[in-house]
Colleague: 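Got a structure here, written out as C-alpha cells. Questions coming.
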Amino acid sequence: MSKAIINANRSRGVINRNIYGHFAEHLGRCIYGGLYAGGQSGIPSENGMRPDVVRALRAMGVPVLRWPGGCFADTYHWRDGVGPRHTRRKIVNTNWGGVTEDNSFGTHEFLELCRQLECEPYISGNVGSGTVQEFSDWVEYCNMGGLSPMADLRRANGREDPWHVRYWGIGNEAWGCGGNMRPEFYADLCRQYATYLRSYDSAHPLCRIASGANADDYHWTKVLMERAGEFVDAVSMHYYTVPGDWTHKGSATEFDRGAYFTTLQKALRLDELIENHTRIIRQYQGGRRVGLVVDEWGTWFDVEPGTNPGFLYQQNTMRDALVAAVSLNIFNNHCDSVVMANIAQIVNVLQAVILTEGDRMLLTPTYHVFEMYRKHQDARQLESYVETSLIGETEEGRVPNLHISASQGPDGTVLITAANLDDAQGAVLDCSLAGMGRVESVAGRVLSGGANAHNTFEAPETVRPVPLENIEQTADGFKVALPSCCVAAFEVRPG
Ligand code: AHR
C-alpha cells in the first residue's frame with residue numbers, strides 16, 4: 001500500500017493552461033494531410049482543415065499552438081505564405097526531407113486553424129535567415145488595427161480585423177538549426193529583435209519569448225538572461241526524451257524493459273532541468289517575472305520502418321502515455337515558473353496525440369493523457385506527496401513506481417493524476433486529502449495496457465481510458481488498486 005497526501009492548504013499557484021500546449025511544424029505530415037486537407041483529394045475539409053482532427057483536438061483541449069517551427073521557422077519567410085494561393089512561392093523544405101513546400105498553409109490558414117481549435121496562436125519568427133524588418137512586418141501584419149502598410153496588405157488579402165497574436169518566439173534553437181550562434185551573439189540579436197516587435201494595442205501586449213537552451217545547457221540560459229533578460233517575457237528550453245543516442249534512438253514499439261526504464265528515467269530529468277533553469281532565470285530577472293516556456297518536449301524514437309526518415313513519424317505506446325503523464329505532473333508542480341509547454345508535435349510527428357492515414361485517424365495513448373489531465377488547466381495546483389519504491393532493471397536506471405500531481409478547480413473539485421510506472425506490478429494507493437473537509441464523491445478513470453500497447457488503424461481502441469470501478473471512499477479520501485503500467489485520473493468532490 002502506498003500512502004498519498006494531497007494538501008489543499010498549500011499551492012504553488014495556478015497551473016497556466018498553456019502548459020497543455022502543442023506544436024505544429026511544416027514537417028512531414030503534421031500540417032499537410034494531418035491538420036490541413038486543403039487541396040488533398042478524398043479528405044473532407046472545412047476552410048481547409050480536417051474536421052475529424054479538429055473535433056478530436058477540441059475535445060482534448062488545445063490552449064495554445066506553436067507554429068511554423070522548429071527548424072523550419074528559421075527558413076520561413078512569411079510573405080511566401082500570404083496572398084492568392086496560386087501566386088505563393090514554392091520552396092524546398094531543407095530541414096525536413098527536402099520536399100517541396102507550396103506555402104498553401106500560411107499565416108491566414110494557421111490563424112483559421114487556431115480559431116477552429118479555440119486556441120491562442122504562438123508564432124516563431126525567423127531570426128536565423130530573416131531580418132528584423134521582416135519579423136517586425138509580420139507582427140504589424142497580424143496585429144495592427146489602423147492604417148499601415150502591413151495592415152493594408154492584410155486587408156487586401158481578405159482579413160479586415162487584426163488577430164492580436166500575443167505569443168512571439170524570437171527564433172528557434174539559435175544554438176543549432178536556428179543559426180549555430182553563440183549565446184553572446186544570440187543575446188544581442190534577441191535584444192534587437194525584441195525592440196522592433198511592437199505591441200500595437202495596449203490591450204493586447206506581446207509576450208516575447210527568447211530562444212532558449214537545449215536541455216542542460218545552463219550556460220546558454222545564464223548568458224541570455226544576463227544580457228537580454230530585461231527585453232523578453234519568457235525564455236524557452238527544449239528537452240527530448242531519447243532512450244538511445246541520436247543515431248540509434250530506439251524503436252517506438254519494439255523495446256525491452258531496459259529501454260522502457262531508461263526512457264522513463266530520462267523523462268523524469270525534466271524536473272531537475274526546470275529547477276536549474278528557473279534558478280538562473282530568477283537570479284537575473286531583476287524586479288520582473290520572466291517565465292520558462294518548454295516549447296518542445298516529448299519522446300523521439302527511430303521513425304516507423306518504411307517511412308521517410310525526414311518526416312519523423314513514430315508510433316505511440318503506453319510508454320509514451322507514461323512519459324506524458326510524468327512530464328505534465330512535473331509541469332503542474334512547477335506552475336510557479338513554467339508558463340507554457342508545447343509537446344512535439346501535434347499530429348503525425350514525434351510524440352503525436354493523433355495519427356492519420358489518408359482520411360482515417362486514431363487517438364494515441366498520449367492523446368488520452370492530455371484529455372484526462374484537461375481539468376488541470378487553469379486550476380490551483382495543490383501540494384502532493386506519494387510514497388514510492390524504486391524500480392528498474394539496473395541500479396542506475398531506477399525510477400519511482402508512482403508519480404502524481406493534483407489541482408483544485410473553481411468549483412472545488414480536486415483532480416489527482418497518478419501514473420504507475422511499474423510494468424509488472426499493480427499498486428494500492430491510499431490517498432488522503434488534507435484541508436478539504438468531507439469528501440462527497442470520488443470518480444476515476446484509468447488508461448492501461450502493456451508497455452508496448454498502442455492503437456493502430458485496424459484496432460484504434462486498444463488503449464483507451466475506462467472507468468475505475470474499485471474505488472473505496474474513506475473518511476478523508478479514497479483507496480484504489482491501480483493496474484501495472486497505467487495513468488489514472490481521480491475527481492474528488494468536497495461535501
Ligand atoms: O521537433 C522537431 C525538431 O526538433 C524541431 O524542428 C527543432 O526545433 C528540434 O530540434
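Whatever order the structure lists ligands and atoms in, that order sets their numbers, starting from 1.
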Colleague: Side chain or backbone of N172 under 4.0 Å from ligand 1, or both, or neither, by non-hydrogen atoms?
Modeller: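 Side chain only.
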Colleague: Hey, is R288 close enough to D233 for a salt bridge, meaning N to O under 4.0 Å?
Modeller: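 Answer for the salt bridge query: yes.
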Colleague: Does ligand 1 have a heavy atom under 4.0 Å from the side chain of Y240, from its backbone, from both, or from neither?
Modeller: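 It is the side chain that gets close, since no backbone atom is under 4.0 Å.
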Colleague: Could you tell me whether R159 and E112 have a side-chain N and a carboxylate O separated by less than 4.0 Å?
Modeller: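 Result for this pair is no, no salt bridge flagged.
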Colleague: Enumerate the atoms of ligand 1 whose separation from the nearest heavy atom of Q345 is less than 4.0 angstrom.
Modeller: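 The atoms of ligand 1 under 4.0 Å from a heavy atom of Q345 are 1 (O), 2 (C).
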Colleague: Within 45 degrees of the ring normal and closer than 6.0 Å to the centroid, is that where the cationic atom of R191 sits relative to F231?
Modeller: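 No; the conditions do not both hold, so R191 does not lie above the ring face of F231.
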Colleague: Let me confirm one number: the CH2-CG distance from W138 to N126, rounded to the nearest 0.5 Å.
Modeller: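 Here the interatomic distance stands at 8.0 Å.
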Colleague: With a 4.0 Å heavy-atom cut-off (strictly under), which part of N95 contacts ligand 1: side chain, backbone, both or neither?
Modeller: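 Neither; no heavy atom under 4.0 Å.
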Colleague: Please could you name the atoms of ligand 1 that F23 approaches to less than 4.0 Å, counting only its heavy atoms?
Modeller: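 Listed by number with element, the hits are 1 (O).
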Colleague: H238 to ligand 1: N or O pair under 3.5 Å?
Modeller: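 So ligand 1 has no N or O lying under 3.5 Å from an N or O of H238.
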Colleague: Heavy-atom contacts under 4.0 Å between W300 and ligand 1: side chain, backbone, both, or neither?
Modeller: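 The side chain, only.
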Colleague: Distance-only criterion, 3.5 Å: show the donor-acceptor pairs between side-chain atoms of residues 310-323 and protein atoms not counting sequence neighbours.
Modeller:
{"from": "Q314", "atom 1": "OE1", "to": "F301", "atom 2": "N", "distance (Å)": "2.8"}
{"from": "Q314", "atom 1": "NE2", "to": "T299", "atom 2": "O", "distance (Å)": "3.2"}
{"from": "Q314", "atom 1": "NE2", "to": "T299", "atom 2": "OG1", "distance (Å)": "3.2"}
{"from": "Q315", "atom 1": "NE2", "to": "N455", "atom 2": "O", "distance (Å)": "2.8"}
{"from": "N316", "atom 1": "OD1", "to": "T366", "atom 2": "N", "distance (Å)": "3.4"}
{"from": "N316", "atom 1": "OD1", "to": "T366", "atom 2": "OG1", "distance (Å)": "2.9"}
{"from": "N316", "atom 1": "ND2", "to": "A352", "atom 2": "O", "distance (Å)": "3.2"}
{"from": "N316", "atom 1": "ND2", "to": "T366", "atom 2": "OG1", "distance (Å)": "3.2"}
{"from": "T317", "atom 1": "OG1", "to": "R319", "atom 2": "N", "distance (Å)": "3.0"}
{"from": "T317", "atom 1": "OG1", "to": "D320", "atom 2": "OD1", "distance (Å)": "3.4"}
{"from": "T317", "atom 1": "OG1", "to": "A451", "atom 2": "O", "distance (Å)": "3.2"}
{"from": "R319", "atom 1": "NH1", "to": "T263", "atom 2": "OG1", "distance (Å)": "3.0"}
{"from": "R319", "atom 1": "NH2", "to": "S251", "atom 2": "O", "distance (Å)": "3.0"}
{"from": "D320", "atom 1": "OD1", "to": "T317", "atom 2": "N", "distance (Å)": "2.9"}
{"from": "D320", "atom 1": "OD2", "to": "T299", "atom 2": "OG1", "distance (Å)": "2.7"}

Colleague: State whether R88 and D102 are salt-bridged, where the test is any N-O pair (Lys NZ or Arg NE/NH1/NH2 against Asp/Glu carboxylate O) under 4.0 Å.
Modeller: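 Salt bridge absent between R88 and D102.
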Colleague: Where is the nearest protein heavy atom to atom 8 (O) of ligand 1: which residue, which atom, and how far?
Modeller: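 Here the closest protein heavy atom is E296 OE2, 2.7 Å.
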Colleague: Do the charged groups of E118 and R55 touch, with an N to O distance under 4.0 Å?
Modeller: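 R55 and E118: not salt-bridged.
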Colleague: Starting from atom 10 (O) of ligand 1, find the nearest protein heavy-atom neighbour and note its residue, name and distance.
Modeller: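 For atom 10 (O) of ligand 1, the nearest protein heavy atom is E173 OE1, 2.7 Å.
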Colleague: Could you check whether F331 and W297 have their ring centres less than 6.0 Å apart?
Modeller: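 Close enough - the centres of the two rings lie under 6.0 Å apart.
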Colleague: For C71, counting its heavy atoms only, list the atoms of ligand 1 lying under 4.0 Å from any of them.
Modeller: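 Taking each heavy atom of C71 in turn, ligand 1 has 5 (C), 6 (O), 7 (C), 8 (O) under 4.0 Å.
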Colleague: Give the atoms of ligand 1, by number and element, whose distance to some non-hydrogen atom of L350 is under 4.0 Å.
Modeller: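 Matching atoms, with element in brackets: 1 (O), 2 (C).
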